[in-house]
**Q** 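Submitted below is the structure of interest, expressed as structure tokens.
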Amino acid sequence: MRNELTKRIFFACITVFLMTFGLILYVINTYLVQRNVAELKDSAVLLSSAVNQYGADFLRSVKIGTARITLIDSDGTVLFDSKLNPEKMENHSEREEFQEAIEHGEGDSERYSDSILRKTVNYAVRLDNYQVIRISMNQDTVFRLVVSMLSPVILIVLLMSLLSVVLASESSKKIMKPINQLDPENPDDRNIYSEMKPFIRRLIAQSQQIQHQMQQLQEEHKKQDAIRREFTANVSHELKTPLTSISGFAEIIRDGYVQQKDISHFADNIYKEAQRLMTLVNDILKLSRLEDGVTEIYEDRKSINLLELSQSVCERLALNAQKHDISLSCEGQPVYIIGMPHILEEIIYNICDNAIKYNQPGGFVRLNLYHSENLAVLKVEDNGIGIPEADQKRIFERFYRVNKSHSKEVGGTGLGLSIVKHGMALHHARIELDSEEGKGTCIRLCFPL
Ligand code: ADP
């Protein structure tokens with residue numbers, strides 16, 4: 001019996017068989033005893049009426065099969081016994097059947113003689129003179145029956161065991177067959193028995209879930225592939241524009257089309273385009289580092305005073321603001337968060353730089369720091385050109401610019417807010433944007449405390 005199922009079925013069969021066998025033996029045993037007692041009773045009653053009529057001497061001439069007849073006096077003294085010498089016998093007043101007979105007229109008892117294989121059944125009847133006549137008979141118990149038929153019994157048990165093994169193995173095969181035939185990738189509950197249906201249904205649900213997840217994963221892969229391709233195309237395009245200008249300017253200088261006095265002007269253009277290239281490459285590098293999470297390896301998180309950091313960014317941008325006739329201010333309470341200082345500085349710089357770039361002469365850029373509920377908030381407000389509602393959702397995409405030529409004019413790459421978005425994600429922080437075209441923009445950077 002190799003498998004567990006066969007073993008269990010086999011033990012169930014054998015248990016049922018042995019229990020049935022035992023119960024039947026018990027019933028037979030009870031029946032035999034009852035029948036014997038009834039026969040003894042008949043004999044005892046018959047004998048007692050004869051002794052009542054003809055006296056005790058009658059007993060000496062009677063023989064009832066192998067039964068033993070005993071006459072007991074009312075005090076328990078044995079007066080006569082058909083098998084033993086009454087003088088050598090002990091007093092019988094304590095015997096169960098005797099006491100019952102004295103009390104109720106009749107009584108019976110049964111006792112195991114030498115072992116459980118044999119038992120003595122007694123029946124006693126009270127005589128008119130209050131002596132008691134008792135008939136006893138030895139009886140083989142059912143166990144003796146089993147012992148005497150040991151070989152057929154062993155044969156039957158062996159046969160039944162064999163049958164149980166065959167039955168168990170067949171049943172377990174039948175139970176396992178539909179399970180073994182089950183296709184885990186395509187479970188089907190039609191050919192299965194009812195106990196297995198809940199399991200199969202769970203299997204079906206799980207397989208559907210796996211398929212669904214696989215699909216989602218594939219879609220996700222496709223999406224990321226598309227994003228990567230788009231990014232590569234965008235980068236190539238963005239790099240190409242300044243490179244084309246640079247090579248164009250260099251070409252006409254080389255071919256002698258530029259007069260000596262204009263050379264410095266052309267050189268300045270080449271310088272500006274090269275600068276633009278540098279900015280672009282820098283931004284791309286920053287962004288890809290942020291996306292890969294490389295920054296986290298290089299930069300430790302520590303406690304940072306956002307007010308101090310914002311003030312230092314404002315100092316760096318002061319000259320730029322002055323050049324564009326923008327008033328730049330930073331106010332508020334000291335606000336501490338745990339973060340990466342270089343990335344945070346980059347975030348604040350990009351937001352403030354945009355607020356100056358997309359502004360108008362005489363405009364303002366105001367930074368404010370405060371706590372709100374369990375957040376540290378840096379609000380950057382400007383009264384610049386604002387962002388049209390339709391574009392507001394997209395400005396955090398890479399290379400997305402509301403007005404491409406204006407952005408280029410003011411030195412934008414379209415990557416600033418992408419860097420902000422990724423940097424904020426690394427800080428588990430959120431960005432809120434309110435803007436109205438022509439009126440201005442308000443960006444709130446909300447950090448968990
Ligand atoms: P860029 O390098 O072009 O500034 P960004 O990613 O920083 O790129 O910003 C994306 C676009 O969002 C900008 O081109 C600009 O059109 C718009 N934008 C960003 N900040 C502001 C602002 N404060 N006011 C108006 N428009 C803004």
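When a ligand or atom number is given, it counts from 1 through the structure's own listing order.
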**Q** Considering only protein heavy atoms, which is closest to atom 11 (C) of ligand 1, and at what distance to one decimal place?
**A**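 Nearest protein contact, heavy atoms only, for atom 11 (C) of ligand 1 is Tyr400 O, 3.8 Å.
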**Q** Give a yes or no on this: more than 12 heavy atoms of other residues, nucleotides or ligands lie within 6.0 Å of atom CG of Leu319.
**A**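 Counting other residues, nucleotides and ligands, CG of Leu319 stays at 12 neighbours or fewer.
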**Q** Tell me which protein heavy atom sits closest to atom 23 (N) of ligand 1, plus the residue, atom name and distance to 0.1 Å.
**A**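 It is Asp382 OD2, 3.0 Å.
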**Q** Is Gly386 near ligand 1, meaning one of its heavy atoms is under 4.0 Å from it?
**A**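 Yes, Gly386 has heavy atoms under 4.0 Å from ligand 1.
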**Q** Quick one: do Asn3 and Thr6 satisfy side-chain hydrogen bond (donor to acceptor under 3.5 Å, both in side chains)? Show the steps, please.
**A** CA-CA 6 Å; Asn3 66 51; Thr6 314; 2.4 Å; yes
**Q** Within 45° of the six-membered ring axis of Phe231 and under 6.0 Å from that ring's centre, is NZ or CZ of Arg398 located there?
**A**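 Yes, a cation-pi geometry.
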**Q** Can you name the nearest heavy-atom pair linking Val45 to Glu106, along with the distance?
**A**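 Distance-wise, the nearest heavy atoms are CG2-OE2, 4.0 Å.
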**Q** By number and element, which atoms of ligand 1 are closer than 4.0 Å to a non-hydrogen atom of Ala355?
**A**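 The atoms of ligand 1 under 4.0 Å from a heavy atom of Ala355 are 23 (N).
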**Q** In terms of residue, atom name and distance, what is the protein heavy atom nearest to atom 4 (O) of ligand 1?
**A**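 Minimum-distance protein heavy atom for atom 4 (O) of ligand 1 reads Tyr358 OH, 2.6 Å.
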**Q** Mark up the atoms of ligand 1 that fall under 4.0 Å of a heavy atom belonging to Thr413, in ascending order.
**A**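 So the answer, numbered in order with elements, is 1 (P), 2 (O).
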**Q** Short list, please: which atoms of ligand 1 are under 4.0 Å from a heavy atom of Gly416?
**A**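 Those atoms are 5 (P), 6 (O), 7 (O).
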**Q** Starting from atom 19 (C) of ligand 1, locate the nearest protein heavy atom and write down its residue, its atom name and how far away it is, to 0.1 Å.
**A**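 Checked against all protein heavy atoms, atom 19 (C) of ligand 1 sits closest to Asn354 ND2, 3.5 Å.
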**Q** How close does the nearest protein non-hydrogen atom get to atom 3 (O) of ligand 1, and which residue and atom is it?
**A**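 Nearest protein contact, heavy atoms only, for atom 3 (O) of ligand 1 is Ser407 OG, 2.7 Å.
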**Q** Just distances here: any N/O of Val402 and N/O of ligand 1 closer than 3.5 Å?
**A**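 Among all N and O atoms of Val402, at least one is under 3.5 Å from an N or O of ligand 1.
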**Q** If I take atom CD1 from residue Ile356 and atom CG from residue Asp325, how far apart are they, to the nearest 0.5 angstrom?
**A**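 Answer for the CD1-CG pair, Ile356 versus Asp325, is 12.0 Å.
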**Q** Heavy-atom contacts under 4.0 Å between His406 and ligand 1: side chain, backbone, both, or neither?
**A**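 Answer for His406: neither.
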**Q** Note the single closest protein heavy atom to atom 12 (O) of ligand 1, along with its residue, its atom name and the distance in Å.
**A**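 Looking at atom 12 (O) of ligand 1, the protein heavy atom closest to it is Ile395 CG2, 3.3 Å.
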**Q** Considering non-hydrogen atoms only, spot the tightest contact between Asn320 and His324 and give its length.
**A**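 Heavy-atom minimum between the residues: O-ND1, 3.0 Å.
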**Q** Numbering the atoms of ligand 1 from 1, which are under 4.0 Å from a heavy atom of Arg401?
**A**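 Heavy-atom distances to Arg401 below 4.0 Å select 3 (O), 14 (O).
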**Q** For residues Asn36 and Met137, report the shortest heavy-atom separation together with the two atoms involved.
**A**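 In this case the closest contact between Asn36 and Met137 is OD1-CE, 3.7 Å.
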**Q** What distance do Gln209 atom CD and Met214 atom CE have between them, rounded to the nearest 0.5 Å?
**A**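 Interatomic distance, Gln209 CD to Met214 CE, rounded to 0.5 Å: 13.0 Å.
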**Q** Between Cys442, Ser418, Gly414, Gly412, which one has a non-hydrogen atom sitting closest to atom 8 (O) of ligand 1?
**A**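 The nearest heavy atom belongs to Gly414.
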**Q** Heavy atom of Lys404 under 4.0 Å from ligand 1?
**A**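 Per 4.0 Å heavy-atom rule, Lys404 does not contact ligand 1.
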**Q** Considering only protein heavy atoms, which is closest to atom 26 (N) of ligand 1, and at what distance to one decimal place?
**A**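 Sorting protein heavy atoms by distance from atom 26 (N) of ligand 1 puts Ile387 CG1, 3.2 Å first.
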**Q** Do me a favour and list the nearest non-hydrogen protein atom to atom 6 (O) of ligand 1 with residue, atom name and distance?
**A**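 Result for atom 6 (O) of ligand 1: Leu417 N, 2.8 Å.
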**Q** Looking at Lys357 and Gly412, what are the two nearest heavy atoms and their distance?
**A**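 Heavy atoms of Lys357 and Gly412 come nearest at NZ-CA, 3.7 Å.
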**Q** Whether Arg366 engages the ring of Phe364 as a cation-pi pair (distance to the six-membered ring centre under 6.0 angstrom, angle to the ring normal within 45°) should be assessed.
**A**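 Checked: cation-pi criterion met.
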**Q** Any chance NZ of Lys197 has more than 12 other-residue heavy atoms, nucleotides or ligands included, within less than 6.0 Å?
**A**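 It does: Lys197 NZ has more than 12 such atoms within range.
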